[in-house]
Amino acid sequence: MSKAPRYYAPYGLAGGFDRALGHPARPDLPFCADRLRELDAAEAFPEDAVRTLDALELPDYYVPARHGGALHSYEDLLQLVRVVARRDLTVAIAHTKTYLGAVSTWVGGSAEQAYELGARVSSDAVVSWGLTERAHGSDLLSGTMTATSVDGGYRLDGEKWLINNATRSDLVCVLAKTSPAGGTRGYSLLMADKSRLAEGSYTCLPAARTHGIRGADISGITFDGAVVPASALIGEEGKGIEIVLRSLQITRTICAALSLGAGDRALRIATEFGLEHRLYAKRLIDLPQAHRTLTEAYADLLAMEAVTLVAARGVHTLTEEMSVSSAAVKYLVPTTVDELISRMGQFLGARSFLSEEFAHGLFPKLERDHRIVGIFDGNTLVNLNALINQFGTLVRGYRAGCTDTDGLTAAASLDEATPAFDPARLVLTSRTGNSVAASLPHSLAELRELVAAGEAPTSLLAVAEKLLRISDTTHEQMAAHRPSPRDVPAAAFDVAHRYTLCSAAAACLQVWLRNRTTVAADTTATAGLWQDGLWVEACLSRLTERLTPGVLPEEGADSSPVLDRLMPMLVEQYDNGEMFSLLPFTLAESEAWTGTGTESRSGTAPATGSDSAAASASPFANSAVQEA
């Protein structure tokens, strides 16, 4: 069984966590697929699964280490959320909302506030983030909820609606108007502790019925003369909008983990079907079109993993550029995975509509649930608009080759620990552009040297050079845009979409360049993906196709051969019960569930070698859930 190298600590952490959750087919465990489907059908909150995450101390990873928690790197949190999301998006979204509710305190609160809240979160307190209102949606500057200064604190009046965990939460971080004039300096953030509010001063609203994540607590809360102490104010009065926007740069990045987990599950269901279903006396997976559909999805998922890894590590190393990278990731990753899930549904055919009889009914639930990921924390248009507003800076940085080389190298070098995150470095707009996108010309120069030395294939250079030409053209189109606060032309959104794909290509190339020798030296299936630039050539080929829709490939530029070479890696990761990943780690599915116990698929112990070392170092390795 292939193993991820032991020095990729976030992967060892996530693998141990997933195995601690137990095999998803075990009916005696809370993450049993059948049980989660039944709860969804009944629109019932997954209490047992959430309690399991609490018992495994996942909330500790919502609290930065500097405030008493276990969160040292956002890459750790990314991988943990990813493995929960591949189990069930309802559970993942419901549980991780506590991080979203707390993040404003980590970013803008005092050390005392952060430490006190950290202790509450580590003790399993649920925190909600009350930003949106019924009549105003994501237009935060139109919010009407007020926080009026009174003796010793603030009086809260108004309603927040479509708030995740508004009813179940112990605390609600609310954005409220503190100046009658409103505006960017007219709103503040306050942490309302329900247990300390006067009886009758707040009312939780009924949960809204939703298309996806049906069991989640998507409800609202109304405040009527609820008085909170002065210490409830997070940061300075009037800084609420700024703190929210800075906080969103982190949460939007972590949201991509939800999509990576969902993409893994969708591709896993389709791969199993392709291996088992027969058509024309052949396995479905061996038919050319089916083969291509699966490898395209695999390449797309690997590309989105590379993009997300650079962004999550960039929280620490490229902090001043997060206004760009977070918006790009929050737009591109959920959108790409939505498309991936849709294609897997077409691959499955009628079975994708079956709510019980096929794959525990997971696929239609997954398809419904994932649609919300592209909506919350800023929808696709909001994130594209955030990029459009920075076109000028992005173009200047690209043309000047303005790259924070050290920060980018640290973000892309997966075997290096990330430095401590400093939230004070978060800014509302990047002053220098985007190091990732701007690195593409430099990466091409490095790749040319590798090709000349015989260390990289010419086919990889050819597709990379084509992407550089597309990136140059895209930046020319960005430069031609004339800023307008309102009535942004539709064409600008198309250009912003293209920009995210070009930036993704640059991220993929950086990840391969910075890790190609360390990972390819490993003797596992992981090395097969990395040798001769296989995965990066496949990913760049797919990104090129998405940037040139409807255009037939040039002679000699067809991506089919490189995608065909991905299939053995895809099947091996599936057979080994590993995450579909650039650095695969074993999941609970690596142990075959027979209905009476668990054993590895190969009949041997499920964790050996470096993976065993990572598992034994994981705080989840000896959990009660795993032993159940």
Side-chain angles (χ1 to χ4, degrees), residues 4-5 7-11 73-75 78-79 82 253 256-257 260 263 298-318 321 325 328-329 332-333 336 403-418 434-447 450 455-457 460-461 463-464 467-468 471 500-522 525-544 562 566 569 579-585:
Y7 46 80
Y8 298 108
Y11 288 79
S73 168
Y74 279 97
E75 189 181 6
L78 172 79
Q79 299 297 353
R82 181 185 185 186
T253 304
L260 292 180
Y298 187 37
D300 288 348
L301 191 58
L302 295 179
M304 293 306 100
E305 179 185 23
V307 168
T308 305
L309 286 173
V310 173
R313 294 174 61 86
V315 171
H316 300 262
T317 69
L318 296 169
E321 300 179 8
S325 55
V329 166
L332 184 62
V333 179
T336 300
T403 302
D404 178 349
T405 304
D406 291 341
L408 179 59
T409 298
S413 300
L414 304 182
D415 60 342
E416 294 184 6
T418 53
N434 179 9
S435 291
V436 177
S439 72
L440 191 55
H442 301 287
S443 297
L444 261 292
E446 186 176 351
L447 182 58
L450 292 175
E455 297 181 31
L460 171 57
L461 179 59
V463 69
L467 276 164
L468 179 59
S471 181
T500 64
L501 293 169
C502 293
S503 183
C508 288
L509 200 49
Q510 275 292 311
V511 170
W512 182 75
L513 288 169
R514 301 288 78 81
N515 301 279
R516 66 183 183 85
T517 55
T518 53
V519 179
D522 183 30
T526 304
L529 280 174
W530 289 76
Q531 287 171 349
D532 298 324
L534 173 58
W535 76 261
V536 72
E537 184 179 344
C539 291
L540 296 188
S541 296
R542 280 292 295 156
L543 290 166
T544 302
V562 69
L566 281 181
M569 312 302 170
M579 179 74 79
F580 291 131
S581 173
L582 298 170
L583 298 168
F585 52 88

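Residue indices begin at 1 and follow the sequence shown.
- In plain terms, the two heavy atoms of Thr317 and Ala410 that are nearest each other are CG2-CB, 3.6 Å.
- Atom CG of Leu534 sits about 6.0 Å away from atom CG of Leu529, to the nearest 0.5 Å.
- For His442, the ring-ring contact (aromatic ring centres under 6.0 Å, His included) criterion is met by no residue, not counting sequence neighbours.
- Of all non-hydrogen atoms in Val436 and Ala506, the two that sit nearest each other are O-CB, 3.1 Å.
- With sequence neighbours excluded, no residue satisfies salt bridge (Lys or Arg N to Asp or Glu O under 4.0 Å) with Glu416.
- Taking every heavy atom of both residues into account, Ser541 and Val562 meet most closely at OG-CG1, 4.0 Å.
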Can you list, pair by pair, the side-chain donor-acceptor contacts under 3.5 Å of residues 302-309, counting residues two or more places apart and other chains?
from: Glu305; atom 1: OE1; to: Ser581; atom 2: OG; distance (Å): 3.4
from: Glu305; atom 1: OE1; to: Leu582; atom 2: N; distance (Å): 2.8
from: Glu305; atom 1: OE2; to: Tyr11; atom 2: OH; distance (Å): 3.0
from: Glu305; atom 1: OE2; to: Arg82; atom 2: NH1; distance (Å): 3.2
from: Glu305; atom 1: OE2; to: Arg82; atom 2: NH2; distance (Å): 3.3
from: Glu305; atom 1: OE2; to: Ser581; atom 2: OG; distance (Å): 2.6
from: Thr308; atom 1: OG1; to: Met304; atom 2: O; distance (Å): 2.7

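- For the atom pair Ser439 OG and Leu408 CG, the distance stands at 5.0 Å (nearest 0.5 Å).
- In this structure, His316 contributes its side chain and Ser73 its backbone to no donor-acceptor pair below 3.5 Å.
- Scanning for salt bridge (Lys or Arg N to Asp or Glu O under 4.0 Å) contacts around Glu75 gives Arg313, with sequence neighbours left out.
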**Request:** Report the C-alpha separation of Ser325 and Thr253 in whole Å, then their side-chain angles, then the decisive distance to 0.1 Å, and conclude whether the side chain to side chain contact (heavy atoms under 4.5 Å, CB included) test is met.
**Result:** CA-CA 8 Å; Ser325 55; Thr253 304; 5.6 Å; no
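- With sequence neighbours left out, the salt bridge (Lys or Arg N to Asp or Glu O under 4.0 Å) criterion links Asp532 to no other residue.
- Atom CG of Leu260 is separated from atom CG of Leu78 by 6.5 Å, given to the nearest 0.5 angstrom.
- Here the straight-line distance linking atom CG of Leu440 with atom SG of Cys508 works out to 11.0 Å at 0.5 Å rounding.
- The two residues Leu301 and Phe580 make their nearest non-hydrogen contact at CD2-CB, 4.0 Å.
- For Asp404, there are no side-chain hydrogen bond (donor to acceptor under 3.5 Å, both in side chains) partners at least two apart in sequence or on another chain.
- Looking at Leu450 and Leu461, their side chains never come closer than 4.5 Å, going by heavy atoms from C-beta outward.
- The distance from the CG atom of Leu501 to the CG atom of Leu543 is 6.0 Å, given to the nearest 0.5 Å.
- Annotation: the span from Leu540 atom CG to Leu467 atom CG amounts to 5.5 Å, rounded to 0.5 Å.
- A heavy-atom distance below 4.5 Å is found between the side chains of Thr409 and Arg514.
- In plain terms, the two heavy atoms of Val511 and Val310 that are nearest each other are CG2-CG2, 3.4 Å.
- Glu321 places a side-chain N or O within 3.5 Å of a backbone atom of Ser435 that can act as its donor or acceptor partner.
- For the residue pair Ser443 and Leu509, the shortest heavy atom distance occurs at CB-CD2, 3.6 Å.
- Side chain of Asn515 to backbone of Ala412: a donor-acceptor contact under 3.5 angstrom is found.
- Between the side chain of Trp512 and the backbone N or O of Trp530 there is at least one donor-acceptor pair closer than 3.5 Å.
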